[in-house]
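Counting begins at 1 with the first residue of the sequence. As the structure lists them, so they are numbered: ligands from 1, and atoms in each ligand from 1. Note: hydrogens, waters and symmetry copies are ignored here, and every other heavy atom, side chains too, is used.
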Amino acid sequence: MILAANFKTNHTRSSTQKYLNDLQNFAQKSSHSFYIFPPATALSESTPDVRVGVQNAFFASKGSFTGEIGLEQLQEFGTKTILIGHSERRHVIGEDLDMVRKKFDFFAQEGFEIFFCIGEKLPTKQEGEASVMRYLQSQLDGIDVSYEKLILAYEPVWAIGTGVSATNSDIETVHKNIKDLSDKPLLYGGSVNEKNFAQIAQIPNVDGVLVGTASWSLEKFLTMIG
Ligand code: PGA
């Protein structure tokens, strides 16, 4: 399975380094694939068994984009993995579809491994499965879903950081439908924790998990994985 930890705006350089070293010790004995996405200030080179990705970057090598980092800054750390389309970037920071697509195109062109997040808000979910799929499909419009280094993550917005994950049957249905659109690895994210991980991991078409809150303490993250 792919096990990815999204630190969001948590951890410092030193705590990330410790986390990475300790996770590497664990990962070298594990059959899972591990990724961490620390804040940009804590980026570092990947270790043999833990890939370090960036949570966000601008679609340029360098230039005048105050507050952003570009390809040149990522190259300093050998970063070749990026998270694009996370719900907090879309709905808190305000990235629209056009911005998300530009980032996808730029980093795909550069050969990055792209974790691409999609997910509906609660009102769409309440309208039923057809609405959810229409919405998810709209988020994939203009995205090359056959890109060889694409990893999709289904993260319903209402489940992120709320402690309420999607039900197993919701995950199973949506993942099956997404697999009809793309055969790329598909992660589930949204309140994955030590109570629900084992069950979610067994759902068909779940190729891994993208974990926020429950990943910030490495001890808890490893207990969760079991
Ligand atoms: P959560 O976050 O695990 O805290 O719900 C998941 C994510 O945003 O990737």
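Using a 4.0 Å cut-off between charged side-chain N and carboxylate O, R101 and D141 make no salt bridge.
Atoms of ligand 1 found under 4.0 Å from any heavy atom of G190 (numbered from 1 in listed order, with element): 5 (O). Of all atoms in ligand 1, numbered sequentially from 1 with element shown, those under 4.0 Å from a heavy atom of A159 are 5 (O). Less than 4.0 angstrom separates some heavy atom of S191 from each of these atoms of ligand 1: 1 (P), 3 (O), 5 (O). With ligand atoms numbered from 1 in the order given, ligand 1 contributes 1 (P), 3 (O), 4 (O) to contacts under 4.0 Å with heavy atoms of T213. Taking every non-hydrogen atom of H86 and a distance limit under 4.0 Å, the qualifying atoms of ligand 1 come out as 7 (C), 8 (O), 9 (O).
Of the candidates E155, E88, K8, the one placing a heavy atom closest to atom 9 (O) of ligand 1 is E155. The closest non-hydrogen atom to atom 5 (O) of ligand 1, taken over G161, C117, G212, comes from G161.
The proximity of I160 to ligand 1, defined as any non-hydrogen pair under 4.0 Å, involves the side chain as well as the backbone.
Put simply, the side chain of F26 does not reach to within 4.5 Å of the side chain of D49, judged on heavy atoms. Residues E88 and I93 form no side-chain contact, since every pair of their non-hydrogen atoms from C-beta on lies 4.5 Å or further apart.
The aromatic rings of H175 and Y188 sit tilted, their planes meeting at an angle between 30° and 60°. Ring planes of Y35 and F37: parallel class, angle under 30° (limits at 30 and 60°).
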- [ ] Apply ring-ring contact (aromatic ring centres under 6.0 Å, His included) to the pair F107 and F112, showing each step before the final yes or no.
- [x] CA-CA 5 Å; F107 286 101; F112 271 56; 4.9 Å; yes
